Structures are given as C-alpha cells and as structure tokens.
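Note that this is a predicted model, so its numbers are computed, not measured.
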Amino acid sequence: MRIARFSIDGNVAFGAVEGDKPDELVLNIIKGIPFADFELSGTKVPLSKVRLLPPVLPNKVVAFGRNYAEHARELGNEVPDAPFAFFKPSTSVIGPGDHIQYPSFSEELHHEAELAVVIGRMCREVPRDRVKDVIFGYTCANDVTARDVQRREKQWARAKGFDTSCPLGPWVETGLDLAAANDATLQLTVNGEQRQLGRTSDMLHPIEDLIVNISEAMTLLPGDVILTGTPAGVGPLHVGDEVAVTIEGIGTLTNKVVKRG
C-alpha cells in the first residue's frame, strides 16, 4: 500500500494511493493515522486535486554516511568499517514538489539520492531478526548537502541540516519487503539527465545493520526516518534545476532548486 500525506481545502489527511496510471491516481482517505489500526473511508479524491506533503513528520532523521564504497571514494574519503550516523533536523524536511532553497552560506550544493526507511513503532535495541517488524515502509529521499560547508566546517550540522535539505516522498510504500528494499534500483536525474544510478544491494551495511546500530543508542519513534546512504555520482545543483529521485518499487520524488528568499 502507498500511504500519502496531503492537504486539500486547508485540511491535512493521510490517504492510500490507488491506481496504476499516473494521471488516474486517487487517494482513498484514511480514518485515523497509519501508524495504528486504521480503516479506509471509501471517500476518494483525485491525486491531481491535492497538494502532497512530506509523507511523515519525523521526530528525527537519522542519516548514514559513506554507506556506498564508490561514493566514499569519489569524495576522497575512507570506507568506514562500521555504520556512520549523523542527524538532519525535522525542520529540514520538505515534500514532493516543494522547493529546495539554495542556502545563502554555500556556493556548492550537491544532490544525494537515498532510500529512506520509515519506522512504524516505538523501538529500542532491535535484534536483527526483528528489524522487519519495526519498519512501516519506504520512501525516496534527497540528502541535499552544502558540500563546501561540509569540507570547511567538518561537523555536518549546517552542511546537511539547513532548511529544505531533506526532501521526502512522494509517499510511503508499505508493501515492499525487506529483501526487495535491500536490492532496489535507485537513480537521480537533474533536468532529465541521469546523474546517479545504483542498487541498494551495493550498500556496505544493509538496512538491518543500520537499524540495529542506531537503536542500540536511542529509541526510535513512529514516523522517524532512516536515510541509508547514497551511491556514487553526487554532483552540483544550481538555482532553476529540477532534481528527481526514483526508487524501484516506490516512485519518484521531484523538487526544484530556488534562490533562498
């Protein structure tokens, strides 16, 4: 099931995305919230009539860096032996169609296509064989990075945590199993030109390792998001660019880069 969060006539709701053809998709409005038992209301609205929002509002976004060997090497970094985590604040999250605002303190903005894991239940110290039980679903993400600031400041808080640096969407796919998520194609285009192409099977540490690693340290809450790293091919974004992340079995997340107002 594809679960979207949307706004219509000033109201925010969740809905199940139904249909196969892009121009015929509809939202079956959900009664309640998707992280608990819910029912489909049967009230349907065309997807074209709503504004899609970030599919979740995470308490925290835990991101894992250098989880693809070729990406680590392309930036001249060592390949880490263990998962390497950092955070993006909730204020960095935007949805499909929202604008990525080019930060005024950077002159080198980069794209990073990533598979995002959405947590479905409160959990801590998750054993590897129970990881699948705490996952709600998967979505597309773009870990937008001020690369010059990342190099200069060493700490990544400003470089990866600025407002609009974490596009998520277009929805959460709950029907993708863990094996498929660990072996999915992901690609990124800028203005229709392919920049990144990889498979999640190339991750140094699969989804299970990442969730075990971070849940050893902290409690994960429903709606929290885990970013699993980016394949090689990261590169610059400029004002006016349209950047799209597509992940097999999920969909496409598209955003435009604008000058920060």
Side-chain angles (χ1 to χ4, degrees), residues 1-5 14 17 34-35 52-68 71 83-98 100 111-121 123 126 131-132 134-145 160-161 164-178 180-188 196 198-203 205-211 213-215 220-231 234 243-255:
M1 182 178 290
R2 294 168 290 178
I3 303 293
R5 181 170 162 269
F14 289 94
V17 182
F35 301 109
L52 286 180
L53 302 173
V56 290
L57 289 177
N59 175 271
K60 54 187 170 291
V61 177
V62 182
F64 284 90
R66 302 171 188 169
N67 198 28
Y68 289 74
H71 168 60
F84 173 64
F86 61 95
F87 294 94
K88 295 173 81 79
S90 58
T91 48
S92 68
V93 173
I94 58 173
D98 290 340
I100 299 167
H111 56 74
E112 295 191 8
E114 308 209 8
L115 171 71
V117 183
V118 179
I119 299 298
R121 64 196 329 185
C123 57
V126 181
V131 164
K132 65 181 182 301
V134 306
I135 295 174
F136 176 65
Y138 304 89
T139 192
C140 305
N142 191 348
D143 176 20
V144 184
T145 302
K160 286 178 171 283
T164 75
S165 66
C166 189
L168 296 175
W171 42 64
V172 179
E173 174 57 70
T174 65
L176 199 65
D177 64 27
L178 189 56
N182 271 320
D183 189 21
T185 300
L186 69 165
Q187 63 175 327
L188 180 144
Q196 291 183 268
R199 295 194 69 81
T200 55
S201 54
D202 293 329
M203 290 190 292
H205 307 285
I207 295 165
E208 298 94 321
D209 290 353
L210 303 181
I211 292 180
N213 175 273
I214 198 61
S215 71
L220 301 176
L221 301 175
D224 280 352
V225 170
I226 311 295
L227 302 189
T228 58
T230 193
V234 301
V243 55
V245 178
T246 301
I247 300 180
E248 180 184 6
I250 299 175
T252 299
L253 165 68
T254 303
N255 302 90

For Gln187 against Ala113, the heavy-atom pair lying closest together: O-CB, 4.5 Å
Under 3.5 Å donor-acceptor, Asn67 side chain and Met203 backbone: no
If you define the side chain from C-beta out and look only at heavy atoms, does anything of Tyr138 sit under 4.5 Å from Ile247? no
Close side-chain approach of Arg5 to Leu52, heavy-atom, < 4.5 Å: no
Test side-chain contact (heavy atoms from CB on, under 4.5 Å) on Asn213 and Phe64; report intermediate values, then the result. CA-CA 10 Å; Asn213 175 273; Phe64 284 90; 3.7 Å; yes
How close do Ala180 and Leu176 get, heavy atom to heavy atom, and via which atoms? CB-CD1, 3.8 Å
Minimum heavy-atom separation for Pro170 to Pro96, with atom names? CA-CG, 3.9 Å
Keeping Glu248 on the side-chain end and Thr185 on the backbone end, is there a donor-acceptor pair under 3.5 Å? yes
Under 4.5 Å between any side-chain heavy atoms of Asp224 and Val62, yes or no? no
For the pair Thr139 (side chain) and Ala116 (backbone), establish whether a donor and an acceptor sit closer than 3.5 Å, ignoring hydrogens and angles. no
Would Lys160 and Ser165 count as a side-chain contact (heavy atoms from CB on, under 4.5 Å) if you check the C-alpha gap in whole Å, the side-chain angles of each, and the deciding distance to 0.1 Å? CA-CA 6 Å; Lys160 286 178 171 283; Ser165 66; 5.6 Å; no
Least distance between heavy atoms, Pro55 atom then Val172 atom: CB-CG2, 3.7 Å
To the nearest 0.5 Å, atom CG of Leu227 lies from atom CG of Leu168 at 7.0 Å
CG of Leu221 to CZ of Arg121, rounded to nearest 0.5 Å, is 13.5 Å
Closest non-hydrogen contact found for Pro206 with Asn182 is CB-OD1, 3.5 Å
So which atom in Val61 and which in Cys166 form the shortest heavy-atom distance, rounded to 0.1 Å? CG1-SG, 4.2 Å
Roughly how far apart are Ile119 CD1 and Ile226 CD1, rounded to 0.5 Å? 5.0 Å
Any chance you could measure Lys60, atom NZ, to Leu220, atom CG, to the nearest 0.5 Å? 5.5 Å
Is any side-chain heavy atom of Val243 closer than 4.5 Å to a side-chain heavy atom of Asn142? yes
Going from OH on Tyr68 to OG on Ser201, what distance comes out if it is rounded to the nearest 0.5 angstrom? 8.0 Å
Would a 4.5 Å heavy-atom cut-off, applied to side chains only, mark Ile3 and Trp171 as touching? no
Residue from Glu114, His111, Gln196 passing side-chain hydrogen bond (donor to acceptor under 3.5 Å, both in side chains) with Thr230: Gln196
Mind checking whether Pro58 and Val93 have side chains closer than 4.5 Å, heavy atoms only? yes
Starting from the C-alpha separation in whole Å, work towards a yes-or-no answer on side-chain contact (heavy atoms from CB on, under 4.5 Å) for Val245 and Leu186. CA-CA 7 Å; Val245 178; Leu186 69 165; 5.6 Å; no
To the nearest 0.5 Å, tell me how far Leu115 CG sits from Thr200 OG1. 6.0 Å
Using modelled atom types and a 3.5 Å cut-off, is there a donor and acceptor pairing between side-chain atoms of Thr145 and backbone atoms of Asp143? yes
Describe, in one word, how the ring planes of Phe136 and Phe35 are oriented to each other, choosing from parallel (under 30°), tilted (30 to 60°) and perpendicular (over 60°). tilted
From CA spacing to verdict: side-chain contact (heavy atoms from CB on, under 4.5 Å), Leu178, Ile135: CA-CA 9 Å; Leu178 189 56; Ile135 295 174; 3.9 Å; yes
NZ/NE/NH1/NH2 to OD/OE distance under 4.0 Å, Lys132 and Glu208: no
Would you indicate whether the side-chain heavy atoms of Asp183 and Arg199 approach each other to under 4.5 Å? yes
Do the side chains of Asp98 and Leu53 get nearer than 4.5 Å, heavy atoms only? no
